[in-house]
Novice: 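Before anything else, here's the structure in question.
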Amino acid sequence: MFQPVSNQVDFPAQERSVLEFWTRTNAFENLRALRKDAPQRWSFVDGPITANNPMGVHHAWGRTYKDLWCRYHAMKGAELRWQQGFDCQGLWVEVNVEKELGFTTKRDIENFGMANFIALCKQRVLNSAAQQTEQSVRLGYWMDWNNPAELRMLAKKIVENPNEIIELERGGEKVRGTVEQLVGKLGMPELGGSYFTFSDENNYMIWSFLKRCHERGWIYRGTDSIPWCGRCGTGISQHEIDTEGYKDRDDPAITIRFRIRSQAADPAVDWKSPEAQAAFDATPARFILAWTTTPWTLPANVMLAIGPKLRYAIVRQSHAASATRDGESAIYFLGAGVLKMLRGDYEVLGEIDGAQMVGWTYEGLFDELPAWIDANKRWADKHGFDAERIFEHCVIPWDEVGEAEGTGVVHIAPGCGPEDHKLGKEIGSPMVAPLGEDGHYLSGFGDLVGRHAHEVPDAVEAMLKQKGFFYRRETYRHRYAHCWRCSTPLVYRLVDEWYISMDELRHDMMRVTETINWVPSFGKERELDWLHNMHDWMISKKRYWGLALPIWEYPDGTFEVIGSHEELRTRAVEGWQEFEGHTPHRPWIDGVKIKHPVTGQIGVRVTDVGNPWLDAGIVGFSTMRFRADRAYWEKWFPGQFMTESFPGQFRNWFYAMIAMSTVLADVRPADTILGFATLVDEKGEPMHKSKGNSIEFNEAADKAGADAMRWAYARQEYDDNLRFGYNYLGECRRNLLIPLWNVYSFFVTYAVADGWQPGADAAILTPLDAWILARLQQTVNETDRALDAYQSRPAALAIERFVDDLSTWYVRRSRARFWGSEMTADKQAAYQTLHNVLTILCRTLAPFTPFIAEVMWQNITAGRTLQDAATESVHHQLFPESRALTAAEEALLRETEIARRVVNLGHSVRSQSKVKVRQPLAGARIVADAAARAVILAQRDILCDELNIKDITFAERAEELVSYKVLPDLKKLGKKLGQDLPRVRNGLAALDPAFVAAEVQAGRAITVDGIALAADEIIVQAQPRPGLVVAGEAGIVVALDTELTEELISEGLAREAVRRINDARKAASFDVSDRIETYYHATPRLATAIQLYENYVKNETLSVILQSGVPENASTSVDEFDGEGFTIVLIRIH
RNA sequence: GGGCGAUUAGCUCAGUUGGUUAGAGCAUCCCUCUGAUAAGGGGAAGGUCUCAAGUUCGAGUCUUGAAUCGCCCA
């Protein structure tokens, strides 16, 4: 027997009961056991969520997909690994721990103690993982989760006493070790649960990967000018500056005049006039104008670059742009296309090709600074020059120089920018690197020493003014790279970092990328584009918490890469004892030293930590036992599926996964990669806590429920940003959950009342039953096909359409079949059909909305509530099987569509003629072709009932209802007639449409203006005759006989009375089956109608007595409608 | 600066090889059905298809240019 169901339901509360049910019944573990060693396996490779903060609603998007396909494939009978992971190492964790401690610089960390700091990083990860675990469970995400309480216990102890020996119990076995050691084993086979990228195996597996790269000669140390965050004290790799890294910023833009020291002896100048040339010759103060938005780089200026193909203007300004020597006349060189940069009046004396200026020399801005003198010494030393020799600042050609902004002259500081650095290397110029790790000036820069790069524009300006080099200053708004973790504006620094060379790997990775099924398909092009353009992969960071790069350097500058814990143990000559028993992290690993086997030199580990994408990219190997159990790895790798949000991941996780699987196995990481866009608020704005428009996951789950959220994600188009909010969630609830629940509650309510049980004799199904079953099969087919192709939206929309059909056609049309107290064969068929539909629908919906599917399934299959100790779950079932529809099913689907169209048209006519449906009408006249007529006849009863009419007739002559419009078939005639078309069109319009229609229907050609048109070149459209109240669509026209007889009016009134009485019953909270006594006062016409239809009214209202005259003192309900007055008193019979 | 994409109703988006009267959902308003419904149904209103030029008998659709907005890469 089914458990009674209310039609009002608190979905979030119900979901919490489902979660308890799953826990209590071990539903997830039972599923694992059921599918263990199944012949099929389906391997999902999880992209780790950063365990640093609570989970957000944007995470829930991807996690819904992950769970959707895991559940789907489990329901297809496959075995799964069910392991998801946490990303644990890297700067983002450090930044948050620093914030909590109030630290602002790296020195703070070192004073605090690196070991203490690392422990806090681990603690933060473990606590975040515990919280994210709880939130994921709340979402209905089935995975092999850790117990959050255990994670919190480890988090507590890892700070209090990481060396305490503890035991963790796993399946009756005890795993013993120090807290630190056990934390390092999380996710590994002995402990199970989620993987953590800080695990020992994850770190050592990366060592193994890096060693492999080193063996191929790809690891190198490079000096480059790279984006640098002064706050974090680390380089930011190209991979990390994604769109979020760029922000608008106002910077001072300074135009500098560089005093020319020597120019070519006889440059080819196009003088405006001989006077102009004379004026030039008479003016000794000559400058080249350059422009920069980064004044802090000026003390590092070495050269100026001009565009060799550009033209440069020679102008004279007599009053001074220069703030220092007012009144002095000066000559300026600048791009001929950017004269607007000049301030004040000027006179153009001539023009010169950029190529002519190459090699000119100029006076350095700050040649007296010790930094420049030192840079020259190093330069001379490197090139074997005399130590006194000084590099002359000069003009060099560079094709990239343009005139879009600035003066057409670019100031080159090889220590302060990547392009500058490249040019400096090509020329072999000195390099001046002004900034330290913290983004402040190093010594040798006079007054600037110790000041931050972004603080010094005023000081630089003053220095330039004092020397007469300043021309002008303005404010310039541009997009500038900021640190993606702490939002500090970046600077460029010349540093040593470690790289993996992409020269050889690039093409292998592109080949592997080609073999992946990218969803949406443009993903492949994006990834290839990135691979095509990307520079060498910078893998080092000068930080603390992360992968210890396994690179040991010797005093002579050579280095080695160590590939495993074991290898390090055999090679260690110092520090091993202190390290042993610790996870491979700083500071413990830093003390281990090795000895060069040949030279005997002692090698020391570089202190850098690794790029966190190494951590996330290796998980296809580290978590799948690549080193320990190759058979297991081969079983599960490559995976079938991985998914993440697109932005950033082409160069981050997707990239790292492809790189590592290419290097280690020359294979793709997964067959299919699904990417999706970004989650924004309902207005399309990015969600930010600071903006107040963000929605917390917990809040959304509490308010809207996880099923509604999951549905919102599932029905989303992958390429489009998801506009997430409560309106949209409400829409999801209204589109799916509420209609579904209503159907379910309707079914259960009546089945309980009737004592109906599944499994009774097979009943004879009506066409309506057969129709909904065919629709269901069609929906199963569509859903299965879409999910198989990793397309959630078409699947979700198919289900929405089905639920709508089920609710608004099948159940609505079947309601009367469930009424009455007898169990008729027809009722039996209706129960059986609806039960069947709901059972299969639960299994279809289970991967999408696991909560509601479980609740319904428990009740309708076994009459259980969530409090019962069931062992079965809908999630243990198999997904409904697809099969091709039979011809009869296809026909049924088409026919019902026609019938529903007739109903819509009928309602439309009633609405237009303002006759409400409750008023019966004599009949409808319909124009339809033979096929549609047959369908309408077959469904006559339903149509009459639905439209509240007595009969349906077909118009013998269509002209009774319609007129014809004849049109040329432009698609066919356009090409044939070309310019003659307008003439033919007009000619055709002038003919009698009825005549043309008749000819065309007879298949005869029509001649218009001397041109013959075949019958199939003319389109005949039937449309309602003007003046008639009819509605038409797709060849069917419906007219209603709206003439009311006294009899019809009476029937309408009786029906209205029934409705009023039933409303009153409802208002009085009577039960559906309560018998009543009904007393009334009615105006004469209504009273007559009630007497006329007495039995009908009694039946419909369950009135045992229906009597005119209202008892004294009874509480009455008074009504007025259609000009009639109606007063009633209802008394329930107990 | 280069590449890709977009611009259609108040909002979010469809719109097939160019074809006759440009659609849907949400929101608004009116009407209506209902003893499963928090639903459902009918209707109204809402459009210079970003702009300009071109090709064509015919352009939301094709071409060129402009503007604005995304995304990717420099």
Novice: Between B:rG18 and B:rG58, how far apart are the P atoms? Round to whole Å, please.
Specialist: 15 Å
Novice: Between B:rG54 and B:rU28, how far apart are the two P atoms, rounded to whole Å?
Specialist: 45 Å
Novice: Please state whether the phosphate of B:rA36, meaning OP1 or OP2, lies under 4.0 angstrom from any side-chain nitrogen or oxygen of A:Tyr750.
Specialist: yes
Novice: Check whether any side-chain heavy atom of A:Leu737 sits under 4.5 Å from a side-chain heavy atom of A:Phe851, and report yes or no.
Specialist: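 Sidechains of A:Phe851 and A:Leu737: no contact.
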Novice: In the structure I gave you, are the side-chain heavy atoms of A:Leu310 and A:Val401 within less than 4.5 Å of one another anywhere?
Specialist: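 Yes. Closest side-chain heavy atoms under 4.5 Å.
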Novice: I'd like to check A:Glu682 versus A:Tyr726 (side-chain heavy atoms, cut-off strictly below 4.5 Å). Are they in contact?
Specialist: no
Novice: From C-beta outward on A:Arg1059, which listed nucleotide comes closest to its side chain: B:rC72, B:rA38, B:rU34?
Specialist: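 Nucleotide nearest to A:Arg1059's side chain: B:rU34.
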Novice: Please determine, for the side chain of A:Arg734, which listed nucleotide (B:rC26, B:rA74, B:rC71) has the closest atom?
Specialist: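 Looking only at heavy atoms from C-beta outward on A:Arg734, the closest nucleotide is B:rC26.
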Novice: Just checking A:Glu682: base, sugar-phosphate only, or nothing, at a heavy-atom cut-off of under 4.0 Å?
Specialist: nothing
Novice: Taking only side-chain N and O atoms of A:Arg983, does any of them lie within less than 4.0 angstrom of OP1 or OP2 on B:rG58?
Specialist: no
Novice: Going by purine N1 to pyrimidine N3 plus the second Watson-Crick contact, or the G-U wobble pair, all under 3.5 Å, which nucleotide sits opposite B:rU61?
Specialist: none
Novice: A:Ile1061 CD1 to B:rG35 P: how many Å, rounded?
Specialist: 12 Å
Novice: Look at the side-chain N and O atoms of A:Arg723 and state whether any lies under 4.0 Å from the OP1 or OP2 oxygen of B:rU12.
Specialist: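 Result: yes.
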Novice: So which nucleotide does B:rU68 pair with, by the Watson-Crick or G-U wobble rule with both distances under 3.5 Å?
Specialist: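 Its partner is B:rA6 (Watson-Crick or G-U wobble, both distances under 3.5 Å).
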Novice: Base, sugar-phosphate alone, or nothing: which one does A:Asp529 contact when heavy atoms must sit under 4.0 Å apart?
Specialist: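 Result for A:Asp529 = sugar-phosphate.
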Novice: Tell me: CH2 of A:Trp530 to C1' of B:rA74, nearest whole Å?
Specialist: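 After rounding, the reported distance stands at 11 Å.
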Novice: Would you list the atom pairs, donor with acceptor, under 3.5 Å between side chains in residues 980-989 of chain A and any protein atom, with sequence neighbours excluded?
Specialist:
from	atom 1	to	atom 2	distance (Å)
A:Asp980	OD1	A:Arg983	NH2	3.3
A:Arg983	NH1	A:Asp1009	OD2	3.1
A:Asn986	ND2	A:Pro982	O	3.3

Novice: Using a cut-off of 4.0 Å on non-hydrogen atoms, how would the nucleic acid contact of A:Thr749 be classed: base, sugar-phosphate, or nothing?
Specialist: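 No contact.
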Novice: For a quick test of reading the model: is some side-chain N or O of A:Arg812 closer than 4.0 Å to OP1 or OP2 of B:rG35?
Specialist: no
Novice: State the pairing partner of B:rC49; accept Watson-Crick or G-U wobble contacts with both distances under 3.5 Å, and report none otherwise.
Specialist: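 Base partner found: none.
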Novice: Is B:rG1 paired to anything, Watson-Crick or G-U wobble with both distances less than 3.5 Å, and if yes, which nucleotide?
Specialist: B:rC73
Novice: Is A:Glu1056 salt-bridged to A:Arg1060, cutoff N-O under 4.0 Å?
Specialist: yes
Novice: Measure the distance from CD on A:Glu731 to P on B:rC13 and round it to the nearest whole Å.
Specialist: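 Value for this atom pair: 13 Å.
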Novice: Between A:Glu527 (CD) and B:rC73 (C1'), how many Å, whole number?
Specialist: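 Going from CD in A:Glu527 over to C1' in B:rC73 covers 14 Å.
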Novice: Please compare A:Phe746 and A:Leu970 by the position of their nearest nucleotide in RNA chain B and report the one closer to 5'.
Specialist: A:Leu970
Novice: Output the rounded distance in Å from CG (A:Leu973) to C1' (B:rG18).
Specialist: 15 Å
Novice: Return the nucleotide paired to B:rA44: Watson-Crick means purine N1 to pyrimidine N3 with N6-O4 or O6-N4, wobble means G-U with N1-O2 and O6-N3, both under 3.5 Å.
Specialist: B:rU28
Novice: Using the side-chain heavy atoms of A:Asp720, tell me which of these nucleotides is nearest: B:rU37, B:rC13, B:rA38.
Specialist: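 Selected nucleotide (nearest to the side chain): B:rC13.
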Novice: Quick one: does A:Tyr810's side chain get under 4.5 Å of A:Thr833's, heavy atoms only?
Specialist: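 Yes. Closest side-chain heavy atoms under 4.5 Å.
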Novice: Just how far, in rounded Å, is P of B:rA36 from CH2 of A:Trp809?
Specialist: 17 Å
Novice: Using the P atom on both, measure B:rG41 against B:rG60 and round to a whole Å.
Specialist: 32 Å
Novice: Who is the Watson-Crick or G-U wobble partner of B:rU17, with both distances under 3.5 Å?
Specialist: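 Base-paired to nothing in any strand shown.
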Novice: Counting any heavy atom closer than 4.0 Å, what does A:Val811 reach on the DNA or RNA strands: base, sugar-phosphate only, or nothing?
Specialist: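 Contact class for A:Val811: base.
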Novice: Just by distance, no angles: are the side chains of A:Asp420 and A:Tyr492 close enough, under 3.5 Å, to form a donor-acceptor pair?
Specialist: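 Result is no, nothing qualifies.
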Novice: Taking atom P in both B:rA6 and B:rC13, what distance in whole Å separates the two?
Specialist: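 B:rA6 and B:rC13 have their P atoms separated by 13 Å.
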Novice: Let me spell it out: for each of A:Leu981 and A:Ala1064, pick the nucleotide of RNA chain B with the closest heavy atom. Which residue's pick is nearer the 5' end?
Specialist: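 First, find each residue's nearest nucleotide; the 5'-ward one identifies A:Ala1064.
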Novice: Which listed nucleotide (B:rG35, B:rA36, B:rC72) is nearest to the side chain of A:Ser745?
Specialist: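 Given the options B:rG35, B:rA36, B:rC72, the side chain of A:Ser745 is closest to B:rA36.
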Novice: Distance check needed: B:rG40 C1' versus A:Leu806 CG, whole Å only.
Specialist: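 A:Leu806 atom CG is separated from B:rG40 atom C1' by 13 Å.
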Novice: Between B:rC62 and B:rU7, how far apart are the two P atoms, rounded to whole Å?
Specialist: 11 Å
Novice: Assign the ring pair A:Phe654 / A:Phe650 to parallel, tilted or perpendicular, where the plane angle (0 to 90°) is split at 30° and 60°.
Specialist: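 Answer is perpendicular, since the angle exceeds 60°.
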Novice: Identify whether any heavy atom of A:Val903 sits under 4.0 Å from a base atom; if not, whether one sits that close to sugar-phosphate; answer base, sugar-phosphate or nothing.
Specialist: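 Nothing: the residue A:Val903, judged by heavy atoms under 4.0 Å, touches no strand.
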Novice: So, are A:Asp769 and A:Arg817 salt-bridged, with charged N and O less than 4.0 Å apart?
Specialist: yes
Novice: What distance, rounded to whole Å, do you find between the two C1' atoms, one in B:rU68 and one in B:rU8?
Specialist: 16 Å
Novice: If you measure from the P atom in B:rG15 to the same atom in B:rG5, how many Å do you get, rounded?
Specialist: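 Here B:rG15 and B:rG5 have their P atoms 15 Å from each other.
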Novice: Let's test your reading of the model: under 3.5 Å, does the base of B:rG35 pair with the side chain of A:Arg1065 as donor and acceptor?
Specialist: yes
Novice: Could you tell me how far B:rA22 sits from B:rG2 if I compare only their P atoms? Round to whole Å.
Specialist: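 After rounding to an integer number of Å, I get 39 Å for this pair.
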Novice: Using a cut-off of 4.0 Å on non-hydrogen atoms, how would the nucleic acid contact of A:Asp969 be classed: base, sugar-phosphate, or nothing?
Specialist: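 Touches a base.
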Novice: How is A:Arg900 classified with respect to the nucleic acid when contacts are heavy atoms under 4.0 Å: base, sugar-phosphate, or nothing?
Specialist: nothing
Novice: Strictly below 4.0 Å: does A:Arg815 bring a side-chain N or O up to OP1 or OP2 of B:rA36?
Specialist: yes
Novice: Can you tell which of B:rG35, B:rA36, B:rA38 lies closest to the side chain of A:Ile738?
Specialist: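 The answer is B:rA38, which lies nearest to the side chain.
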Novice: Give one of base, sugar-phosphate or nothing for A:Leu967, where a contact means two heavy atoms less than 4.0 Å apart.
Specialist: base
Novice: Separation of A:Asn721 atom CG from B:rC72 atom P, in whole Å?
Specialist: 11 Å
